[in-house]
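Data first, discussion second: the structure below is written as structure tokens.
Being a predicted model, the structure only gives us computed values, none of them experimental. Just so we're on the same page: letters track the sequence lines, and every chain starts at 1.
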Amino acid sequence: MNWSWFHKLGSPKWFYQWAGRWGSPCVYLGALLLLIGIGWGLGFAPADYQQGNSFRIIYIHVPVAVLAQSCYLGLGVAGLVTLVWQMKLAPVFIKAVAPIGAVMAFIALVSGAIWGKPTWGTWWVWDARLTSVLVLFLLYMGVIAIQNTIEDRVFADKAAAVVSLVGTINLPIIKYSVEWWNTLHQPATFKLTEKPAMPMEMWLPLLFSALGLYVFCAGLAMWRMQNEVLHRERRANWVKKEVMGDGV
Amino acid sequence: MNYRAFLKSEWLGLIRRKQDTLNAILFFVMVITLFPLGVSPDASFLAPAAGGIIWCATALSILMAVEGMYKEDYSDGSLEQWLTSSLSLSWLVFIKTLVHWLVVLVPLVCILPVLASMLFLPMDLVGVVLVTLLLGTPAMFFFGSIGAALTVSLRRGAVLMLLIIMPLYIPVIIFATGAIRAAQLGMPFSGQLAILAALSLMSLVISPVMAAISIKASVK
Amino acid sequence: MNYRAFLKSEWLGLIRRKQDTLNAILFFVMVITLFPLGVSPDASFLAPAAGGIIWCATALSILMAVEGMYKEDYSDGSLEQWLTSSLSLSWLVFIKTLVHWLVVLVPLVCILPVLASMLFLPMDLVGVVLVTLLLGTPAMFFFGSIGAALTVSLRRGAVLMLLIIMPLYIPVIIFATGAIRAAQLGMPFSGQLAILAALSLMSLVISPVMAAISIKASVK
Amino acid sequence: MAFDSLSDFFQMGTHGSYVWSTYAISFLALAGLFLSTRMQRKQLTKSLKKRYRREQDR
Amino acid sequence: MYKPINLQIKHLCIERGERLLCQKLSFTVEGGELIRIAGENGSGKSSLMKALLGWLPIEEGTIEFNGEDISVHRDSLLAEQLYIGHATGIKDIFTVQENLSLYCPNSHESDRLEALRNLNLADFEDTPAGDLSAGQKRRVALTRLWLTDKQIWFLDEPFTALDAQGTLTLEHRIKEHLASGGAVIMTTHQPLQTLLPKIIELKT
Amino acid sequence: MYKPINLQIKHLCIERGERLLCQKLSFTVEGGELIRIAGENGSGKSSLMKALLGWLPIEEGTIEFNGEDISVHRDSLLAEQLYIGHATGIKDIFTVQENLSLYCPNSHESDRLEALRNLNLADFEDTPAGDLSAGQKRRVALTRLWLTDKQIWFLDEPFTALDAQGTLTLEHRIKEHLASGGAVIMTTHQPLQTLLPKIIELKT
Ligand code: HEM
Ligand SMILES: Nc1ncnc2c1ncn2[C@@H]1O[C@H](COP(=O)(O)OP(=O)(O)OP(=O)(O)O)[C@@H](O)[C@H]1O
Ligand SMILES: Nc1ncnc2c1ncn2[C@@H]1O[C@H](COP(=O)(O)OP(=O)(O)OP(=O)(O)O)[C@@H](O)[C@H]1O
Ligand SMILES: [Mg+2]
Ligand SMILES: [Mg+2]
């Protein structure tokens with residue numbers, strides 16, 4: 001197998017150019033897909049027979065919840081890579097993606113809370129999923145806070161890596177513990193309703209919006225990583241050329 | 001410097017200072033007495049909630065005890081000395097955390113029966129609470145140690161510390177109180193205890209390594 | 001140094017550091033989330049206990065915010081500078097405590113509604129809780145300030161003093177939660193509020209003097 | 001279209017306010033993320049340019 | 001120019017733990033005088049200074065400022081004194097500029113810049129003091145000497161961590177202050193380059 | 001007598017914040033040599049020392065100990081180094097005796113007494129370090145130099161707060177160490193009385 005791509009990935013310059021090629025298409029294509037999915041879901045999917053129209057929140061809620069989790073997984077991997085292989089781009093990834101993940105977790109919380117009002121009659125219950133998303137949000141805040149508080153870059157990177165990694169190990173434990181705790185005490189009515197498999201016309205728009213959000217966030221991540229790379233490599237010659245080059 | 005001398009000095013420091021320890025204990029007592037005062041002094045409210053209250057108090061006081069664990073060592077230059085010695089930083093962290101655990105836990109365990117009876121916890125449950133404490137608190141200390149190490153060099157970085165540690169404490173509290181509740185209902189609870197023990201073991205392994213990385217990064 | 005510069009620097013310090021403040025708030029949030037997790041997530045348990053839980057959390061986080069209030073000033077020599085300046089130590093203490101109160105209380109009040117609803121506290125009681133917080137917390141800060149001043153230089157022994165300060169918190173908590181409970185039952189509660197206000201006023205007068213004396217004694 | 005009229009679409013039965021506020025908040029948050037990333041780049045290039053100019057002047 | 005002053009120490013004894021320091025010490029400080037308290041490590045120099053500032057109880061003897069016993073009336077001395085000790089009161093989280101605003105709130109912007117320039121700190125105005133080297137941190141504390149109008153300076157080892165050029169700058173400033181009628185009481189273990197102090201020797 | 005050693009610094013660059021310190025610095029340290037890192041306040045002396053100890057990342061260049069790059073293998077240097085910095089690691093709540101037991105656990109009781117006597121601390125064995133004067137606290141930290149068998153000493157301003165007699169005692173000890181084949185890397189702003197160091201000058 002040819003590993004040269006992997007070593008190239010370690011090179012900020014190569015990454016910067018690669019991301020320059022793929023970043024914008026991803027962002028705009030993702031946004032388009034997302035809008036299509038949401039528009040479709042809002043306007044054309046049939047209403048749910050139990051929840052009526054409030055279920056339409058699903059088209060933002062689920063993609064965002066899924067992404068919040070995926071992003072954290074990414075952080076954990078990047079944390080491990082930072083500590084073990086000390087690849088230059090891994091901490092850049094952590095710094096760039098943590099805020100994206102935090103926003104996703106935040107939207108998941110807010111959309112879930114709003115959705116809860118008509119369906120459960122309350123904004124918040126101490127349900128397993130909700131609690132674990134809340135914790136996830138806290139984890140993101142921890143990573144962001146540590147990046148922002150520590151001015152020394154090397155230290156900040158290490159610290160953020162430690163937090164991301166430990167958080168990832170902990171995430172399944174939290175999920176499990178919370179689910180277990182909740183099933184002991186929560187009446188089943190609070191569990192997310194297990195509906196029969198969704199009809200196609202409900203499911204397709206969801207697929208679109210989920211896919212769209214993924215691509216959108218990937219693009220954003222590339223942009224943010226580019227920013228970070230520029231900042232970190234500001235002393236390198238290629239950055240100088242890059243910055244001074246585009247229309248002085 | 002060698003490991004034995006280090007262990008002895010940590011021990012001596014905690015005994016000599018007393019304050020940190022006593023602070024943690026006092027905090028513990030205070031949280032527990034606040035509940036009957038602030039919420040309700042009824043046995044019907046307190047008895048079922050007792051396990052939870054005790055564990056919340058424990059978590060908070062451990063947090064207090066652990067928070068500034070390395071702060072003095074940072075400001076008086078001891079961390080630098082740890083790094084220049086040829087001893088393994090992970091072992092030093094391990095020893096220090098273990099000593100802290102012992103010094104806080106023993107008095108806490110000693111006053112537990114008194115406090116438990118103030119909360120109308122049935123005597124036969126006190127044993128269960130004790131076991132959960134013994135199995136669960138190491139995880140809290142060791143995870144806390146990571147947070148403390150990460151934030152030593154930050155000028156009062158306790159917020160971060162809380163943010164980082166809180167998610168790590170939640171499973172411990174859930175399983176511990178779960179075990180107590182199961183015991184209250186007469187159900188088996190060895191599963192929860194096993195998980196608690198597993199969490200503590202995991203923390204024992206991860207934490208010294210992670211804390212050592214953080215300490216190393218914060219000496220500048 | 002003059003009072004304005006001092007006020008400005010205290011303010012700046014708290015804002016710059018953020019930690020203390022955020023720390024207290026986070027601690028507050030943490031205590032409040034620990035309860036549903038550790039004791040019971042049921043609305044039937046949480047709703048009646050909410051007032052008490054919020055006050056316990058407040059007391060604990062204030063204790064935490066206030067505890068190390070003068071520690072940094074002691075170790076970096078600022079206390080000596082306060083003493084050599086021709087400013088009144090009592091006023092400096094007063095200003096510092098007041099700034100701390102403001103900086104902790106404002107965000108705490110801001111997140112209160114969210115947390116209250118997570119504890120299923122009825123919306124009309126949130127106002128009452130807020131009023132008790134506004135009236136009661138100054139007493140906690142000012143009494144706490146005495147404790148912090150007493151313990152700042154302490155090598156041993158002053159733990160006793162801490163023991164004396166802590167009981168001062170208890171009346172505040174009793175009257176505050178008493179007011180909330182009365183409101184819950186639809187009874188009048190202005191009496192309790194008046195007592196809270198009186199406690200705060202008393203602390204406002206006593207504390208700067210006492211704290212100044214302790215600070216003076218601890219610079220050696 | 002799952003709705004009979006545009007006003008139906010906006011009302012979504014009784015749940016309009018919930019659905020629309022969710023989407024409004026979500027949109028704002030995502031747009032914020034997007035814009036902050038763009039702004040970050042703009043400011044970065046500006047400050048880097050300033051820095052390089054200053055270096056050249058020296 | 002300052003008014004004439006007179007600080008008179010008579011038969012002073014102070015105690016630290018069980019140890020009696022400076023037995024029956026007597027000396028006078030007047031405007032324009034530089035007093036150097038000398039003695040071995042642990043002989044009680046810092047303690048004597050703290051006793052003069054009123055932080056240590058006096059076992060025996062009196063301290064009079066302009067004829068008034070300062071254990072009775074301290075205000076007139078308080079208004080005139082400036083102390084820089086082993087710990088300087090400079091806050092690590094504040095920038096150099098902010099530290100100065102705290103300690104010298106009434107000084108002009110231009111004076112501050114001038115003082116910072118004197119001490120080679122002009123480039124570090126907006127650096128947090130915690131990110132400075134040991135000597136630079138000491139310099140931040142010393143900047144106050146350029147910005148104050150206090151008459152009596154108590155300096156406990158002010159040359160600590162300063163390099164040769166910094167030492168000279170500080171000595172120069174002290175000379176200026178003496179010339180305008182100020183008084184300086186200081187301790188140091190280093191030999192002074194250009195100053196001629198009156199020496200008070202403490203025995204152990 | 002120690003074995004011969006060789007610490008080689010090649011083209012070293014380190015960075016602090018935005019500031020580039022010691023550009024392309026090269027020098028060698030061998031057994032019996034005293035290196036004095038000189039330079040103004042803030043020129044990067046302490047930072048250089050921290051880089052040698054491996055606490056600051058190295059931007060460029062290498063450091064080799066006995067031919068091995070220490071960024072790869074640090075253990076052999078670790079086993080030989082002793083560092084006393086601005087903060088000494090001495091704990092205020094411990095007595096002098098207890099501090100020594102922590103840092104020199106393998107030393108004999110009699111050696112310790114001897115070392116304390118050398119530094120005029122014999123009477124203070126059971127005093128908490130927090131109750132000592134500035135110079136005495138420094139002496140407690142320096143006692144380690146009499147009790148150690150480490151070969152390479154990194155001393156960051158070891159003369160701080162010492163009186164004249166203390167300075168001479170320390171210089172004497174350093175001379176002994178050099179004579180037996182040890183190496184010392186130090187910074188100080190004071191002129192040395194009896195030692196003849198090799199000077200490494202840092203420019204700002
Ligand atoms: C603050 C409140 C809420 C949070 C934090 C939250 C969080 C989550 C999470 C993490 C997922 C999992 C996504 C995945 O991995 O597949 C999810 C899925 C889902 N949520 Fe929520 N949720 C909340 C409220 C609600 C409410 C009120 C409803 C409706 C009754 C709801 C309905 C759903 C549905 C239908 C799914 C997809 C089911 C599945 O694929 O498993 N959620 N939510
Ligand atoms: N913790 C820190 N964080 C960021 N920058 C620092 C830190 N410590 C020192 N610096 C900067 O690094 C430079 C060199 O500092 P260093 O402490 O190495 O100087 P030094 O030569 O030891 O000076 P001194 O003689 O005052 O001890 C200074 O410009 C200082 O501002
Ligand atoms: N905080 C304290 N508590 C008790 N005793 C103290 C304290 N500080 C100093 N001492 C004792 O008082 C004596 C004098 O200390 P002091 O600090 O005045 O000495 P010094 O002359 O300033 O010495 P140095 O040159 O080392 O600064 C010493 O013997 C010391 O042990
Ligand atoms: Mg002294
Ligand atoms: Mg230095």
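Residue contact with chain F, scored on non-hydrogen atoms closer than 4.5 Å, involves the side chain of E/N120 exclusively.
At a heavy-atom separation below 4.5 angstrom, chain E is approached by F/A134, F/G135, F/Q136, F/R139 within residues 134-153 of chain F. Contacts between residues 70-91 of chain F and chain E, counted as heavy-atom pairs separated by less than 4.5 Å, involve F/H86. Residues of residues 158-174 of chain E lying within less than 4.5 angstrom of chain F, judged on heavy atoms, are E/T160, E/A161, E/L162, E/D163 in numerical order. Heavy-atom neighbours of chain F within the stretch residues 178-200 of chain E, taken at a separation under 4.5 angstrom, comprise E/H189, E/Q190.
Heavy-atom minimum distance, F/G42 versus E/S133: N-OG, 3.2 Å.
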